[in-house]
Amino acid sequence: MTDKEALSKFFGILYQFKMNILPVIFCLLLSTGLNLFIPLISRSIMDEGLIERNQKKLLELVLISFGIYLFIALLDIIKEKKRIDISSQIQFLLSERAFTHLMKMKISYFDNTNYAELLNNINMDIIKMSSIADNGFFYIVTQIFGMFGGFMGLFIINFRMTFLVLAFLPFKYVFMKWLTGKHKQRTEIFIKDNQTYAKWFGETVGGVKEIRLFNIIDEKQKEFENRQKQLVSSQKAVNMLGQWNQTIDFLMVEILSSFLYVIGANLMFQFQLTLGSVFAFITYSAYVTGPITTIMNMGYLMSGIIPSTKRFFSFMELQEEESGNIKDDITFHELSLKNVFFRYENKDEFLLKDINLSLSKGSKTAIIGKNGAGKSTIAELLTRMYIPQKGEIYLDKLEITKIDLYTYRNLISVVSQQIYLFNDTIKNNICLYREIDEDVIMAVCRDCGLEEFVGDVSLDYIVGHNGALLSGGQKQKIALARAIIYNKDILIFDEITSNVDSISEIQIKTLFKERLKDKTILMITHKPELLREMEQFALLEDGKIQIIENLSEVMGFGG
């Protein structure tokens, strides 16, 4: 994505806030217009009040000056409140869009995503982009307006001295342009270093147990020091560039002011200017030279925003899940895979080859095969987490990608190998934002073997991050209860007894015979006790499925 494309998208978002931005610009223009009178009033205070010792005139001018400053202060408060509101709204809008997009992105994106890096990138980019509403960006509008007013003031006081100010502007412009280019370059380096560090940090925290068990804390500490030094060095380079910007701008203005003082004093000695006019001229010169800094600083500040804007919108362009639009008259009599081929991204060979499998309503099917054969991948295809490269999956005679995602997934419940529980209560992890009677919840807990544990800790027990306060078996039972309580037509179970004891296995077998007897079940397992409850057996080997009718041929096949 080019700089121009990224900025075009960003300003398209800003356009939505035009009615909020207009009051801010109005306040800024009004306060700038009032500020243009201050040098003239100050000149009169000095020449007509102080030098001529006219106390009445002095008091009148001071009160007028104070009144103007008071009104400007009131405008600034109104302007700042509006500006802060705009900045907050922009940040919320960008965050909301990023979150909504993240929830809809293809699941393959998360296969190799470091979540700490992802969060760091999104937050950093949104903060950078929201800074568009800082004073510096709104201020440029008033500075341009003030620049024209400043020129008028300079010509009114002394047109010959005005050419000295004009001669100064090209030097300032050239320097600021060079500094803007350097700032963009160093900001891009800092963003890259920050992203690299966030990725390393996320991976390191994720492997903290292994770091302790294998005593490699010292090695990781050295890695931390090296990566932090690189990050700090990049940050210092950006910050120092900002300081050089301020310092040299200050020195250039002071040099110009010094020349103006000398020339103005000479004209005053020749009675061509008054003392008040000299000070008023120098003030107006700041109105002219200041905007050059502000205008160029716009480029300087944008050079820090553009890299984040490009990365943010590149992220927003990543593909989302494709959803069909058919929502009504969805029935289920058969779910089938026909001639399905699938391979993961960055893989040359197909994991699944010409898969044909039918799940009729009320059927009980087991998929068996060695680890890595692709059993869980079939479950992912059936839930539309992945889309096959070849072949189709049908719900009755309707290709599933034509069905609305929400509608389709409302037919299927899943208990996967990699269970995820939210840091919430047992009840909320089972119900997942649905209002369900507690009697119904407890009945499901009883059928899933959770009744005793819930009786000890209650349904309001907080399970911790991803069920950290539970055993593996307790997590599986909660996931099983969650899948069952939704009462969907199709249930997919992927090694649901891998962490439960023999008593719990018996409870699950009873569950199949009673509560789930009329449900369509796809079971991925190698446990003989569960296989005996199945009616159809599919052996997945070398990427292909073979339907086995005889249970004795299935028994003993290793998973």
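Note that the numbering runs from 1 along the sequence shown for the chain.
- Of the inter-residue distances, the one linking Ile64 atom CD1 with Ile41 atom CD1 reads 6.0 Å to the nearest 0.5 angstrom.
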### Query
Yes or no on side chain to side chain contact (heavy atoms under 4.5 Å, CB included) for Leu382 and Ile490, after CA distance, side-chain angles and deciding distance?
CA-CA 10 Å; Leu382 290 172; Ile490 305 166; over 6 Å; no
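- Residue pairs meeting the side chain to side chain donor-acceptor pair (under 3.5 Å) criterion with at least one member in residues 378-395, sequence neighbours excluded: Asp111-Tyr386.
- Looking only at distances, a side-chain donor or acceptor of Ser323 sits under 3.5 Å from a matching main-chain atom of Leu405.
- Between the CD1 atom in Ile478 and the NZ atom in Lys427 there is a gap of 14.5 Å [rounded to 0.5 Å].
- Expressed to the nearest 0.5 Å, how far CD1 of Ile430 lies from CG of Asp424 amounts to 11.5 Å.
- No salt bridge links Lys222 with Glu225; every basic N to acidic carboxylate O contact stays at or beyond 4.0 Å.
- How far CD1 of Ile393 is from CG of Leu381: 5.0 Å, rounded to the nearest 0.5 Å.
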### Message
Is there a side chain to side chain contact (heavy atoms under 4.5 Å, CB included) between Ile330 and Leu398? Walk through the geometry before answering.
### Response
CA-CA 9 Å; Ile330 301 299; Leu398 192 60; 4.0 Å; yes
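- The environment of Lys199 atom NZ is sparse: at most 12 non-hydrogen atoms of other residues, nucleotides or ligands sit within 6.0 angstrom.
- Side-chain atoms of His465 never come within 3.5 Å of backbone atoms of Leu421 as a donor-acceptor pair (strictly under, hydrogens ignored).
- Both the sub-6.0 Å distance and the 45° axial angle are not jointly satisfied by Arg227 relative to the ring of Tyr197.
- A donor-acceptor contact under 3.5 angstrom links the side chains of Asp396 and Thr331, judged on distance only.
- For Glu345, the side chain to side chain donor-acceptor pair (under 3.5 Å) test picks out Ser108, with sequence neighbours left out.
- No hydrogens or angles considered: nothing links the side chains of Thr425 and Asp460 as a donor-acceptor pair under 3.5 Å.
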### Message
Using the rule given for side chain to side chain contact (heavy atoms under 4.5 Å, CB included), can you reason through Glu321 versus Lys104, listing the C-alpha separation, both sets of side-chain angles and the distance that settles it, and then say yes or no?
### Response
CA-CA 6 Å; Glu321 286 185 307; Lys104 296 179 179 180; 5.6 Å; no
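- Scanning for side chain to side chain donor-acceptor pair (under 3.5 Å) contacts around Tyr344 gives Thr377, with sequence neighbours left out.
- Comment: Lys402 does not engage Glu399 in a salt bridge, judged by the lack of any side-chain N to carboxylate O separation of less than 4.0 angstrom.
- Side-chain contact of Asn194 with Asn120: a donor-acceptor pair under 3.5 Å is present, judged by distance alone.
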Which donor-acceptor pairs under 3.5 Å do side chains of residues 5-26 form with protein atoms, sequence neighbours excluded?
| from | atom 1 | to | atom 2 | distance (Å) |
| --- | --- | --- | --- | --- |
| Glu5 | OE1 | Thr2 | N | 3.1 |
| Glu5 | OE1 | Thr2 | OG1 | 3.4 |

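- The CG atom of Leu118 sits 10.0 Å away from atom CD of Gln195, with the distance rounded to the nearest 0.5 Å.
- Met129 has its side chain out of reach of Ile90: every pair of non-hydrogen atoms, C-beta onward, lies at least 4.5 Å apart.
- By the side chain to side chain donor-acceptor pair (under 3.5 Å) test, Gln417 pairs with Ser376, Asp494, sequence neighbours left out.
- Side chain to side chain, Gln89 and Asp85 fail the donor-acceptor criterion of an N or O pair below 3.5 Å.
- Pairs passing the ring pair (Phe, Tyr, Trp, His ring centres under 6.0 Å) check and including a residue from residues 402-432, sequence neighbours excluded, read Tyr420-Phe422.
- Between the side chain of Ser130 and the backbone N or O of Ile126, at least one donor-acceptor pair lies under 3.5 Å.
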